[in-house]
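Heads up, the thing below is written out as C-alpha cells.
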Amino acid sequence: MTAITTYNPLGHLVQKDFPTLQQEAAIEQRSSVYAPKTIIPQACRQTQQALLLKRIREPYTLVHDHEIPSLSSKDEILVKIQAIGLNPVDWKGPAFNFGIPSLPWINGRDFAGVVVKTHESSRLRVGDTVLVPSTDYRDIRKAAFQEYAIATHYNAARIPSGQCLYEAASLGVAFVASAMALGVSLGLDFSQFPGVPGPDLNGIINRVNKADIPTDIINECYSGSDEVERLKRGQWIAIWGASTTTGYITLQLAKMAGLRVICVADIARHGSRLLELGADILVDRYDTERAAEIIRGVTKDQLRYAIDIVGENTAAILQKVLDSSIREDGSHAHLLGLTGLPKARSARIVYHTVPIKLFHACPAIGSSMMTWLEDMLGSGAIKLPEIIRKSGGLGSINAALEFLRLGAASGKRVVIDLAA
C-alpha cells in the first residue's frame, strides 16, 4: 500500500492508500450518462499509452510506456481522456511538416474526459466531465493523442449532465476559432447577445496588461477595438466554407448576435442543415464567379465582413467582393482567413488571422470563453456538430485520419472512443 496525497471531489487535500479502486472509479464515472463507465485510476499508474509521431510523413506509432504527465502549476488539471475529436491538422501537420516542433511528438487538439487531479484553488473538481480545446500545441502534455493529458482549468469547459460527451469532444477548437474570429478580430460584442450573453472579448483585452499578450499576435488582438470598424448587429457577413465545423459554429454565433449571414458551401449536401441553423442566404460554392455576383447583389455592394475557412483561392474571391464594396464613411472592409489569405492585398481591406494562442496565454480570455460555452451547452443554445464515432482507441487513429483525409466525413466530425 502506498500513501498518495490527492484532492477529493470537494477540493480538500487527503491521503489515500492505494489501491482503492472502487472509490476512484465511482468519482470518475460521475458526470454524463453518455460517459464511458470503465476508468483506470491514474494514481495507480506511472505510464500510459500514447500515439507518437516519430518521423514526418509516416503514420503515428502506438507506445505503451509513455510517462503520464504531471501538474506543474495550480492552474493545471489532469484529465483521463475518454474521447478525441480529430481535426484536419492532425494529418496535415505530419504530411506537410508544420506544427511539429520536434520529434518524436504527440498531436491532437480536441478531447473530452474526466478530471482526475486538480488543485484546491481550481474552478474544476475531480470527477467533472470536461471538453478541452488544446491550443497550446507546443506542450505535448496537453496533446490529445494519449490516455491522460494536462489542461489549464480556464481552458476547459464542463459538459452538462445528459450532454453527449462524444459530440462535445468535437467542439472545442472550432468554438475557440469562431469566437475569436468574431469577437477579437472583428470586434463583435458577445455581451449584447439575447438569451445567453457572453464576454466582450475586446473589453477584456483592453483591461489586460499589454505585456502579457504574446508579441506575435498583439496587433491582431487590438485590431477589432476601433468602434467604427467593429462588427455590429444587423450587418452582413459572408462565410465561405460554412459547412465545416468552424463555419457551423460561426454561423450560430453570428445569428445569435443578430447578424445577416451568407453561407457559401456545397448546397446540395449541406444546405438544409445550414438553413436550420439560420443562414439568411445560401450560395453554392461550385460556380465561384456566380457566387461572387450573388453576394454583391444581396448586399447591394456593401459587404464589409467576410470569413474564409477554405484557403487562399477562395479568400481571394471574397477579397474582390469586399474591394468593390461601396463605403462612403471611410471605414474599411475586413477579411479573415483561417487557412490562408491572398498574397496581393488591397489598401481598402483589413486582413485578419485568428490569434488562437490568446486563448491559453490569457487566463481572463480563456475562462470567459469557457464559462460562456458551459452556459450555452447547459441551455441548449448551441447545437453540436454531427459526428462519426469510431471505436478502437488510440490504435484506430491512423485509419480514422486517412478516412478524414479522403473527405469521407464531409460536414461531420470524426470522434475516437477511447473506452471502446
Side-chain angles (χ1 to χ4, degrees), residues 135 173-193 197-240 246-247 249-262 299 302-309 315 318-319 321-323 325 327 329-342 345-369 372-373:
T135 59
V173 171
F175 172 78
V176 172
S178 299
M180 285 200 163
L182 292 170
V184 176
S185 298
L186 302 184
L188 183 62
D189 184 358
F190 297 136
S191 70
Q192 303 303 310
F193 274 32
D200 178 5
L201 296 178
N202 276 143
I204 294 173
I205 290 170
N206 288 330
R207 295 191 295 271
V208 170
N209 187 337
K210 200 170 185 177
D212 293 335
I213 298 177
T215 55
D216 60 330
I217 61 169
I218 198 162
N219 290 337
E220 186 63 39
C221 288
Y222 291 96
S223 65
S225 59
D226 188 329
E227 190 62 31
V228 175
E229 302 291 344
R230 293 184 73 167
L231 179 59
K232 298 180 180 67
R233 184 179 186 86
Q235 293 181 308
W236 283 104
I237 185 169
I239 305 171
W240 200 301
T246 304
I249 302 301
T250 304
L251 168 59
Q252 293 185 70
L253 297 183
K255 292 309 299 179
M256 290 179 200
L259 302 180
R260 293 185 288 177
V261 185
I262 301 169
T299 61
Q302 294 185 341
L303 181 70
R304 286 187 58 199
Y305 303 94
I307 294 176
D308 180 82
I309 311 173
L318 287 172
Q319 176 182 249
V321 175
L322 293 169
D323 201 31
S325 63
R327 300 186 298 280
D329 60 358
S331 61
H332 293 86
H334 296 262
L335 174 60
L336 185 144
L338 270 85
T339 55
L341 285 166
R345 305 290 176 90
S346 167
R348 303 178 72 236
I349 299 174
V350 178
Y351 297 85
H352 302 273
T353 57
V354 176
I356 198 79
K357 68 170 64 174
L358 185 67
F359 175 67
H360 62 262
C362 180
I365 291 290
S367 62
S368 69
M369 292 174 65
W372 182 37
L373 179 56

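Values reported hereafter were calculated over all heavy atoms of this structure, with side chains retained and with hydrogens, waters and symmetry mates removed. Quick caveat: nothing in here was measured; it's all calculated off a predicted structure.
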Enumerate the residue pairs fulfilling side chain to side chain donor-acceptor pair (under 3.5 Å) with a member in residues 197-209, sequence neighbours excluded, ordered by first and then second residue. D200-R230

Which side chain to side chain donor-acceptor pair (under 3.5 Å) pairs, counting each pair once, include a residue from residues 173-183, with sequence neighbours left out?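 As it turns out, the side chain to side chain donor-acceptor pair (under 3.5 Å) pairs with a partner in residues 173-183, which skip direct neighbours, are S178-T250.
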
What I'd like to find out is whether the side chain of [X] reaches to under 4.5 Å of the side chain of [Y], using heavy atoms alone.
| X | Y | value |
| --- | --- | --- |
| I365 | M180 | yes |
| Y305 | L259 | no |
| S346 | L335 | no |
| Q192 | R233 | no |
| L182 | I237 | yes |
| S225 | I205 | no |

Show every salt bridge (charged side-chain N to carboxylate O under 4.0 Å, His left out) that has at least one partner inside residues 346-363, sequence neighbours left out. D216-K357, D323-R348

With a 3.5 Å cut-off and no angle check, do the side chains of Q302 and T299 form a donor-acceptor pair?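 No, no side-chain donor-acceptor pair sits under 3.5 Å.
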
Could you check whether any side-chain N or O of Q235 sits under 3.5 Å from a backbone N or O of K232, counting only pairs where one atom can act as donor and the other as acceptor?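 Yes, the answer is positive, given that a donor and an acceptor are paired below the 3.5 Å cut-off.
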
Within the distance-only criterion (no hydrogens, no angle test), does the side chain of S325 pair as donor or acceptor with the backbone N or O of L303 below 3.5 angstrom?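 Flag set: sc S325 to bb L303 pair under 3.5 Å.
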
Across all chains, not counting sequence neighbours, the ring-ring contact (aromatic ring centres under 6.0 Å, His included) partners of F193 are F190, W372

Checking K210 now: which residues fulfil salt bridge (charged side-chain N to carboxylate O under 4.0 Å, His left out) with it, not counting sequence neighbours?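 Not a single residue meets the salt bridge (charged side-chain N to carboxylate O under 4.0 Å, His left out) criterion with K210.
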
Under the salt bridge (charged side-chain N to carboxylate O under 4.0 Å, His left out) rule, collect the residues that match up with R260, sequence neighbours excluded.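 With neighbours one apart ignored, the set is empty.
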
Determine the minimum heavy-atom distance between V184 and S223, stating which atoms define it.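 That closest heavy-atom pairing would be O-OG, 4.5 Å.
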
Please report the interatomic distance CD(E229) to NE2(H334), rounded to the nearest 0.5 Å.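 These two atoms lie 3.5 Å from each other.
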
